[in-house]
Amino acid sequence: MDEAALQLVADVGAQILRQSRPNKDFLVKSLRKAANALSQIEQPSVLEAAQQVEAAEKVQDALKPIRETIVKHSLARHKDRDVRLLVSICASEIFRVMAPEPPFEDKYLPDIFKLIASTFEELADTESPYFSKRVKILETIARCKCWVVLLDSDCSDLILEMFNVLFSIVREKHEKTLINDVMSILTHIIDEEASEQLLEVILRNLLKEEKGVPSASSQLAVSVLQTCCQKLEPFVRGFLTSCIMDRDAEGSELREMYHKIIFKIFICTPQMLFDVIPNLTRELLTDQVDVRIKAVSLIGKLFSVPGCRAAQNYHDLFVEFLNRFSDKSVEVRVTALQCVKDFCTANPTGGELHEVLSALEGRLLDIDDRVRIQAVAAICDLAKCNFKFIPLTLISQAAERLRDKKISVRKKALQKLMEVYRSYCSKCAEGNMTIVDHFERIPCNILMLSYDRDCKEFRSQNMELLLAEDLFPDIPLLERTMHWVHMFSLFTSLHVKALDTILFQKHRLQSELRNFLALRKKEKETCSDELDNKIKASFERMSASFPDPAKALECFYKLDQMKDNYIFNALAQLLDEASIIKAQHARENFVKKIRDRHPHVDFLRLLSAKCIFSIFSSEYVQNILDYLSSGKFGGRHLEASSIKLLMAIVRYCPSLLKGSEVKLCLLLEKNEPYRDPMTEILAKAGSHIFVKLSDIYPILERMCLDGTRAQSKVAVSAIAAVMGSSEQYIFSELTKRLVDSLHSGQNLPTVLQSLGCLAQHSTATFEDLDGEITALILEKTFQMNSLDNSMSGDETSGCSNSCKLRIYGLKTLVKSFLPHRGSHVRRNIDHLLSLLAKMLQEGKTSDSVLSSGNDSSHIRLAAAKSVLRLSKRWDLHISPEIFHYTILTAKDPSSLVRRIFIDKTRKLLRERVIPSRYACAFALATSDCVTEIKDDSFKYMGEFVKDHAREARGHQKSSVQGCSTTDLPVYILVFLIHVLAHDEDFPPEKYQDEHIFCHFCSPLFHLIQALVNPENVNGDLVLISDTFSQLFSIFRGIRKAEDAVDAHKSPRLHILSEIGSAFTSSLNQGSISSSRSPGVVLLPSSIYTANTKGITCYAIEDGLVEKIIEVFKNNISKVAGSLAKCGRSFVKHREQPENTKLKRLRNVLHEQVNSLTTRNSGTQKDTASKISPGMKRKLVPSPDADSVLLGEEVPPILEHGNNEFEPTVDKEQLLSSCDSVDKVTMLTEKQAKSRKTSRNGTSLKENTEAGSSVTTDSNASYRAKLRDPSRLKETRCNKEVQVLQQIKLFSIVDECEEDEIMCLK
């Protein structure tokens, strides 16, 4: 023991004690001496008892003055900070030296400990110069366990205060020894006297966080809970159980946060909650949704704590948790799904995992879109977390949500699945994964979004950018190529079509932009209105490739006005760059240069992105060819997929093959399996690349002579594509070799195919040997007997080999009259057409040829299809007889022939390569005995009406003068009636039975129904009204005309028009009077002519028309019922503003359903006024009928903007002495040939000489007159029927010639 230190402490204490009011400086100086001396004094060593007592008394005597000084002068409450610190030091040292005996009386202890606690509060300031001294005080108090004195003194408030102080001072930057000292004090107090108040302090600090991270006090609370688990467990259990069982009870703020407390405690000391957690089941079963939501969230977190196996330990709770995935509350189900990712991550194995994944899978089809969105998000987040962890089928099912009925689900699924696919591609590039089909189906499903018409974000304009910029992460192009190849192996025809649409749109933009740049150069040299119009049209076409066409169009105009040559030169360079790497680099430089100086930088950034080959580039083509050459794909499946992908690229981007010509030719020469597709690729891209024909011609020639028909077709196209202008002689040499093969009869199917294709590519070459070739074809194929035993039939094809050869020969002849690139054919087609007429009528090519019934069916089908192909160029030469036979193929005895024919007709009509009048076949096929054919015919007829009605509306909107009736789908009725009138099955006059007539006229009824079906015109009531008007005009016009083919069939035309008019009236419900419909209709003079002898009526029984319609009323009810159902679906899917329109639509449907049953008597009266009893054939004068013009030369018709015909000569000059008889305006051949009419029927005024004396209302003006009865009355008698000598229908071939209505004899 240091005697000097003891003496110093005693002296200092005595000096201060003698002062009545010691000042601060004196106290600081004296206490500093005392504190230093006290730190040198140690407790008495363990000696004999007597010595120990003596030493202790000596220490107490020495410390008595300083102790009395602290008490007497109340130094523990001194105002000076330094004094209080020194007093704390001295007090703590006194406690140390005198321990375990208390150095002060109980009444003074609170002030001493309050002083010490206040000193501890300063420990948070680690920068203070006194920090080390305060740490020393804490260390001394902790080691001496001074708080025991307070516990004995029953100072619970002071202990609670000290608890709070100690939790508040700890910081992350404190040393571990300091934390340990604090921890020692806290745990010692809890061990001695735990209480709810102390637990509350611990829990409050447990919840403290700093920027989302547990604070130092929270970590301290965790340590206290872990250390004092046994002592605190009863208090924790009681508190939390009370919170769960009595949620609404008032209490501290902690009660409101008991879920957080449970989770925090579970993480650090889960055993403390063993009796608490099962009580959470109560919250999962409560009726309160907010409580269930919180409970699901908490339990999900508890089950997601790694290593705790809570789902297994609390199985009953887990079962109830699973039930919340199908909770009646949407919010609860969403909350449960939000827990899936963490749960699966913490429980990578076990039955609980499979149960949760099963529950997750079920929510993909939840009734609520918010739940489906969360289910997709959960699956995708789980997949990104660990691709090997989630079942692949679950990924596929999540990808199916891209087809969800809700746009919000589709959008979210697109976003999340894109994230998954990008992450998957990155893993594959890193070598951590191999390519998996389930993940490759994600972009397949994304492509299908381009069929979505409800959301503009999914249109092809946006899908292009998605495929180019967002589909793949930053991985090598070779990796991207491999993904595309695997992806393409999973493509269906719909996927290919979607990709084709995107690539075609990109190709069209690039082509239009090149065209605009070329026009812009011309504009610098010569400026004209025509050039300006072309540029404007180019802008409109390009703007259609952008997400916002209107905004893009505006930017194009502004861009053109700026005349910035740098921009246009840069765009031209981007268009020509086939390498994506170089193009992207050039684009980055381009955007960087214009970023600060151009106001439309965003538009130019988008335009430049669409200019470059961003989806596929030359690198993709090179990678595919390299892999094919080296055989690295490792399987036929991927090789075939890569070839299909290459063909898809070349179809719209043939220039990307530049630089790869050598590899392409090597594959063509050396690899037999790739020869056919490489030849096809060469045929498509040959004109865009540099290939020497002499290097590959031997191979292509062998394919033309010895290959299959498919090979020869592609080979001829490849030769034509690669051939230079100086190599045209090659076709002549090839033709001679083919003729030699034709003479020898070797491989005739292939030779015939080659000759036909060659004729299309080089008309002149074929015509040089036309006589010899045609004679050989007739000899080698058409005159071969199908019963010749030298050639056996092919069971799979359904016809004999000789029949096949005849069909092949026919195809060759047909192709020779359909050259590519609009080449002129100098030969006469009449012989071919007469041959086709015989084949259509008799099913054979020659009288000397015997054919089986099966062969005859195939011959008729081949002839009908040939007529369809020829009609796109030679329709003016196709006689009514051939047209009738062709259309009647829809009633062929063979169901296979009927099936193939209507499908082929539909395909060609949709492609707009044949005249619309061939749609009559659909109407005839609607009465087919085969249900499938009949149903498809109704479908095809509806498609035709819908597509052509849409075009007609477009023409009307873009035209000042409206759309000509000949452009409308209703006009095919003119041809259908003529076909029916010439049908051999027309009911005989002597046997008039309503059932027979009803069956025969059903094609006419079905067509009329389709024309006025609201579903086919998107509920456009105005368009339906116009159609009714046009129907009445057509029927009235036919009744005033004669049959130009066979005058004896004219009565049939009249009765059919009478029946059709009556049926239309029954559907019309009198909304539009047949007498008020527009009176001018242009009838094709090839089948109709003017009725110069008066109107001939058909002898028909009284009331037969009404009976026919009555028999048909059941079918009408069925069709109208389905339309009404469609009308109701409109109400569900349209917005509120359309309700009025839909209500009118439903009224129309309802009227059509009930028309025939409610207005029979009215119809009879109306018909009786038109048809006299008995209706014997006679001439009926019509003094009140519309005026008709006669004469050999009649002034043509003037058609004005409002479709009214203005007189240009006096009426007296036009009328003959037969004014009482209806007259028909005839256009002479000379006049017809001297005029042209635009396709959209805008005007005949500029191309004609004079006008009629009668006015006719256009659709627009007529609708205006519907609202003004007085105006209708004025124009009621101003009607006229016009018969055009022939109407040349439209074709995409020879557009410059056929873009008009011609009048020819």
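The first residue of the sequence shown is numbered 1, and numbering continues consecutively from there.
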Requested in this report: Report the residues that fulfil side-chain hydrogen bond (donor to acceptor under 3.5 Å, both in side chains) with D532, sequence neighbours left out, ordered by chain and then residue number.
Outcome: none

Query raised in the report: Under the ring-ring contact (aromatic ring centres under 6.0 Å, His included) test, which residues partner F439, sequence neighbours left out?
Result: F387, Y424

**Report entry** Test side-chain contact (heavy atoms from CB on, under 4.5 Å) applied to V1012 and L1031, step by step
**Finding:** CA-CA 10 Å; V1012 298; L1031 284 169; 3.9 Å; yes

Query raised in the report: Are any of the side-chain nitrogens in E530 or K534 under 4.0 Å away from the carboxylate oxygens of its partner?
Result: yes

Report task. If the plane angle is over 60° it's perpendicular, under 30° parallel, otherwise tilted; pick one for F516 and F539. Result -> tilted

Query raised in the report: Where the side chain of T1027 meets the backbone of L1023, is there a donor-acceptor pair that is under 3.5 Å apart?
Result: yes

Query - Nearest-0.5 Å distance that lies between atom CG in D500 and atom OG in S460 - result: 12.0 Å

In a table with atom names and distances, give each donor-acceptor pair under 3.5 Å that connects a side chain of residues 606-618 to protein atoms at least two apart or in another chain.
from: S608; atom 1: OG; to: R587; atom 2: NE; distance (Å): 2.9
from: S608; atom 1: OG; to: L604; atom 2: O; distance (Å): 2.9
from: S608; atom 1: OG; to: R605; atom 2: O; distance (Å): 2.8
from: K610; atom 1: NZ; to: Q461; atom 2: O; distance (Å): 3.2
from: K610; atom 1: NZ; to: E464; atom 2: OE1; distance (Å): 2.9
from: K610; atom 1: NZ; to: S545; atom 2: O; distance (Å): 2.9
from: S614; atom 1: OG; to: K506; atom 2: NZ; distance (Å): 3.2
from: S617; atom 1: OG; to: E619; atom 2: OE1; distance (Å): 2.7
from: S618; atom 1: OG; to: A578; atom 2: O; distance (Å): 3.3

**Report entry** Backbone N/O of A399 and side chain of N445: donor-acceptor pair under 3.5 Å
**Finding:** yes

**Report entry** Value rounded to 0.5 Å, distance of OG in S450 from CG in L467
**Finding:** 9.0 Å

Query raised in the report: Any donor-acceptor pair under 3.5 Å linking the side chain of D452 with the backbone of D454?
Result: yes

Query raised in the report: Which residue, H507, R541, E540, forms the side-chain contact (heavy atoms from CB on, under 4.5 Å) with E512?
Result: R541

Query raised in the report: Around atom CG of N533, are there more than 12 heavy atoms of other residues, nucleotides or ligands at under 6.0 Å?
Result: yes

Query raised in the report: Once you round to the nearest 0.5 Å, how far does CD of Q584 lie from OG of S579?
Result: 8.5 Å

Query - Donor-acceptor pair, side chain of Y918 and main chain of L908, under 3.5 angstrom - result: no

**Report entry** E911 and its side-chain contact (heavy atoms from CB on, under 4.5 Å) partner, picked from L909, I914, V913
**Finding:** V913

Requested in this report: Verify side-chain contact (heavy atoms from CB on, under 4.5 Å) between N1016 and F944, making sure each step is shown before the conclusion.
Outcome: CA-CA 9 Å; N1016 292 336; F944 168 80; over 6 Å; no

Query raised in the report: If you draw a 6.0 Å radius around CG in N565, do more than 12 non-hydrogen atoms from other residues or ligands fall strictly inside?
Result: yes

Query raised in the report: Are any of the side-chain nitrogens in D368 or R370 under 4.0 Å away from the carboxylate oxygens of its partner?
Result: yes

Query raised in the report: Donor-acceptor pair, N462 side chain versus K456 backbone, under 3.5 Å?
Result: yes

**Report entry** H688, NE2: over 12 other non-hydrogen atoms inside 6.0 angstrom
**Finding:** yes

Query - Salt bridge present between E400 and R403 (N-O < 4.0 angstrom) - result: yes

